[in-house]
Visitor: 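Below are the C-alpha cells for one structure; questions will follow.
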2 protein chains.
Amino acid sequence: MGFFSKTCEYALRAVMYIASQSSDGKKVGIKEVADKINSPLHFLGKILQNLSKEGLIQSTKGPQGGFYINPDGLKRPLADIVIAIEGTQFLNGCGMGLSYCSQENPCPLHDDFKEIRDRLNLMLHKTTIGQFNDKLIQGVLTLNK
Amino acid sequence: MGFFSKTCEYALRAVMYIASQSSDGKKVGIKEVADKINSPLHFLGKILQNLSKEGLIQSTKGPQGGFYINPDGLKRPLADIVIAIEGTQFLNGCGMGLSYCSQENPCPLHDDFKEIRDRLNLMLHKTTIGQFNDKLIQGVLTLNK
DNA sequence: TAATTAAAAGATATTTTTGTCTTTTATTGT
DNA sequence: ACAATAAAAGACAAAAATATCTTTTAATTA
Ligand code: FES
Ligand code: FES
C-alpha cells in the first residue's frame, strides 16, 4: 500500500494535469487525462465525476466538452482533494487508530505523530492545485510512470 | 481511511501492549490482548501470527502460553512493524503514486513530501517497541478506545 | 498417558477498493 | 431536427482488506 489510496493518487495527478491544461479556459477529455497520468480510464471517470460534484473541478458534456478548472479552483488547496477522497480521519485521526486523537488521552505516538501530521496538513493546505502549472507545462515535473 | 491500515493500527497497539506486559518474561493470551487494545480477536490472531513468523514477537502454545517479546525485540524500531505490514512502498514510495520516487523525475509534491516522509521514517526508526512500557504500565498512555 | 490449554492454521464470509463495460444524458455542430 | 461527441450514470467484476468460525498442533499439568 502506498501513502495515499490509489483513488487519491489518481485524483491528485489528474487534477494537476487538468489544472495545467485549463489555464486559458481549455478543456481536456478524460481519455487524454487518463493517458497522461497513466490511470485506468473508467475508474478515473468515477473519481473526476465525484470531484466535479464537490465543485473541485468543472466539466461539460458534448463536443469540445471535457474537464477544466476555473480560476478560483486553481487557488484551492490540495487538502480539499485529499479530504474529499480520504475523509477527514486521514488528516486528523490518531495514528494508532484510537477513535479520538487527544492530548488528554494520548496514544504512545501522539506527540511525534501529531507533529508529522501537522506538517502534512500544512503542506496540503499551503499548496494550491494550480501551483505547479508552469513547471508541468515546462515538463520539469512528471505525472506518469 | 486512517493514516495506517487497520491491520497496522492493531499491530502497533498489540505489540506495544505485549511489550509492556512482557518485561519480566510474562506472557499474555490473545484474548487479553484483543480486549485491552479493542480489536477483533481472530483477526488480531492472524496479525500476531505473521509478526511471530517475522520474529518480531514470540509465542508459545499450551497452558501458561501466550505472546511475549524478548529483550532484543523490545529494542527494535516501530518501523519493523510498519514495514512488515504496509510494505516498503509506504515509507519509500512516491506520494502521488509514481512507480519510483526520484529527484531526477520528480512528481510535483516530491520536495515537500519527501521531507515529511523522512520525518515519519525518522520517528519510526528512532522509536522502539519497548520505549513506552513504563508509561503504559503507569496508565499515562492509552491503547484502546 | 490423558486432559487441558492456547496459539497456529485453515476455511469461509463480508466489506471496501479498484477496475471494466454499457447505457444514458447533455452539448455541439450540421 | 439530426448526428456526433463526451461526460454522467449504472451495472457488473475482480482483488484486497477486514472479520469470523472451526480444526489442528504444541505445550503443560495432573
Ligand atoms: S492520540 Fe494517537 S495520535 Fe493523538
Ligand atoms: S517523486 Fe513523488 S514523492 Fe518523490
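Sequence lines set the chain letters: A, B, ... in the order given, protein chains first and strands last, and positions in each chain run from 1.
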Visitor: Output the rounded distance in Å from CD (A:E32) to P (D:dT5).
Guide: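 It works out to 17 Å between those atoms.
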Visitor: What's the closest nucleotide to the A:Q64 side chain, out of C:dT22, C:dA9, C:dT28?
Guide: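 Minimum distance to the A:Q64 side chain belongs to C:dT28.
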Visitor: Here's a test of your reading of the structure: between B:K53 and A:K27, which maps to the more 5' nucleotide of DNA chain C?
Guide: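 Residue closer to the 5' terminus by nearest nucleotide: B:K53.
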Visitor: Could you tell me the separation between the NZ atom of B:K61 and the P atom of D:dA26, rounded to a whole number of Å?
Guide: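 In whole Å, D:dA26 P and B:K61 NZ are 5 Å from each other.
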Visitor: Please answer whether the main-chain N or O of A:M123 pairs with a side-chain N or O of A:T127 as donor and acceptor at a distance below 3.5 Å.
Guide: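 Side chain of A:T127 to backbone of A:M123: a pair is present.
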Visitor: Closest to the B:K46 side chain: C:dA7, D:dT28, C:dA11?
Guide: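 From the listed options, C:dA11 comes nearest.
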Visitor: When you measure from the side chain of A:T7, which nucleotide among C:dT22, C:dT18, C:dA8 comes out closest?
Guide: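 Given the options C:dT22, C:dT18, C:dA8, the side chain of A:T7 is closest to C:dT18.
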Visitor: Let me know the distance between CD of A:Q49 and C1' of C:dT22, rounded to the nearest Å.
Guide: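 Spelled out: CD on A:Q49 to C1' on C:dT22 is 14 Å.
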Visitor: What is the distance, rounded to the nearest whole Å, between atom CD1 of B:I47 and atom P of C:dA9?
Guide: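 B:I47 atom CD1 is separated from C:dA9 atom P by 15 Å.
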Visitor: State which of D:dA19, C:dA8, C:dT28 makes the closest approach to the side chain of B:S59.
Guide: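 Nearest to the side chain of B:S59 among the choices is C:dA8.
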Visitor: So that I can tick it off, tell me whether B:D112 and A:R119 are bridged by a salt bridge, with the cut-off set at under 4.0 angstrom between side-chain N and carboxylate O.
Guide: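 Salt bridge: no.
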Visitor: Starting from the 5' end of DNA chain C, give me the residue, A:L41 or A:P63, whose nearest nucleotide shows up first.
Guide: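 Final value for this comparison: A:L41.
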Visitor: Strictly below 4.0 Å, N to O, side chains only: are B:D35 and B:K31 in salt-bridge contact?
Guide: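 The answer is no: the pair does not qualify as a salt bridge.
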Visitor: Please report, rounded to the nearest Å, how far the P atom of D:dA17 is from the CD atom of B:E9.
Guide: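 Between P of D:dA17 and CD of B:E9: 14 Å.
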Visitor: Just how far, in rounded Å, is P of D:dT18 from CZ of B:F4?
Guide: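 That distance rounds to 13 Å.
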Visitor: Between D:dT18, D:dA8, C:dT28, which one does the side chain of B:F43 approach most closely?
Guide: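 For B:F43, the side-chain atoms sit closest to D:dT18.
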Visitor: Is A:V15 close to A:L56 at the side-chain level, that is, under 4.5 Å between some pair of heavy atoms?
Guide: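 When only atoms from C-beta onward are counted, A:V15 and A:L56 do not touch, as no gap falls below 4.5 Å.
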Visitor: Pick base, sugar-phosphate or nothing for B:V33, based on heavy-atom distances below 4.0 Å to the nucleic acid.
Guide: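 Answer is nothing: B:V33 stays at 4.0 Å or more from every strand.
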Visitor: Check the phosphate of C:dA26 against A:T60, side-chain N and O only, distance under 4.0 Å to OP1 or OP2. Yes or no?
Guide: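 A:T60 to C:dA26 OP1/OP2: no side-chain N or O under 4.0 Å.
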Visitor: Rounding to an integer number of Å, can you tell me how far B:L44 CG sits from D:dA19 P?
Guide: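 About 11 Å, once rounded to whole Å.
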Visitor: With distance as the sole criterion, do the side chain of A:K6 and the base of C:dG19 form a donor-acceptor contact below 3.5 Å?
Guide: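 It does not, because no donor-acceptor pair links the side chain of A:K6 to the base of C:dG19 below 3.5 Å.
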Visitor: With a non-hydrogen cut-off below 4.0 angstrom, is A:K31 in contact with a base, only sugar-phosphate, or nothing?
Guide: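 Nothing: the residue A:K31, judged by heavy atoms under 4.0 Å, touches no strand.
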Visitor: Mark yes when over 12 heavy atoms from residues, nucleotides or ligands other than B:K27 sit less than 6.0 Å from its NZ; otherwise mark no.
Guide: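 Yes, enclosed.
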Visitor: How many whole angstroms separate atom OH of A:Y10 from atom P of C:dT17?
Guide: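 After rounding, the reported distance stands at 15 Å.
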Visitor: On DNA chain D, compare the nucleotides closest to A:I30 and A:M1; which residue's is nearer the 5' end?
Guide: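 Nearest nucleotide further toward 5': that of A:I30.
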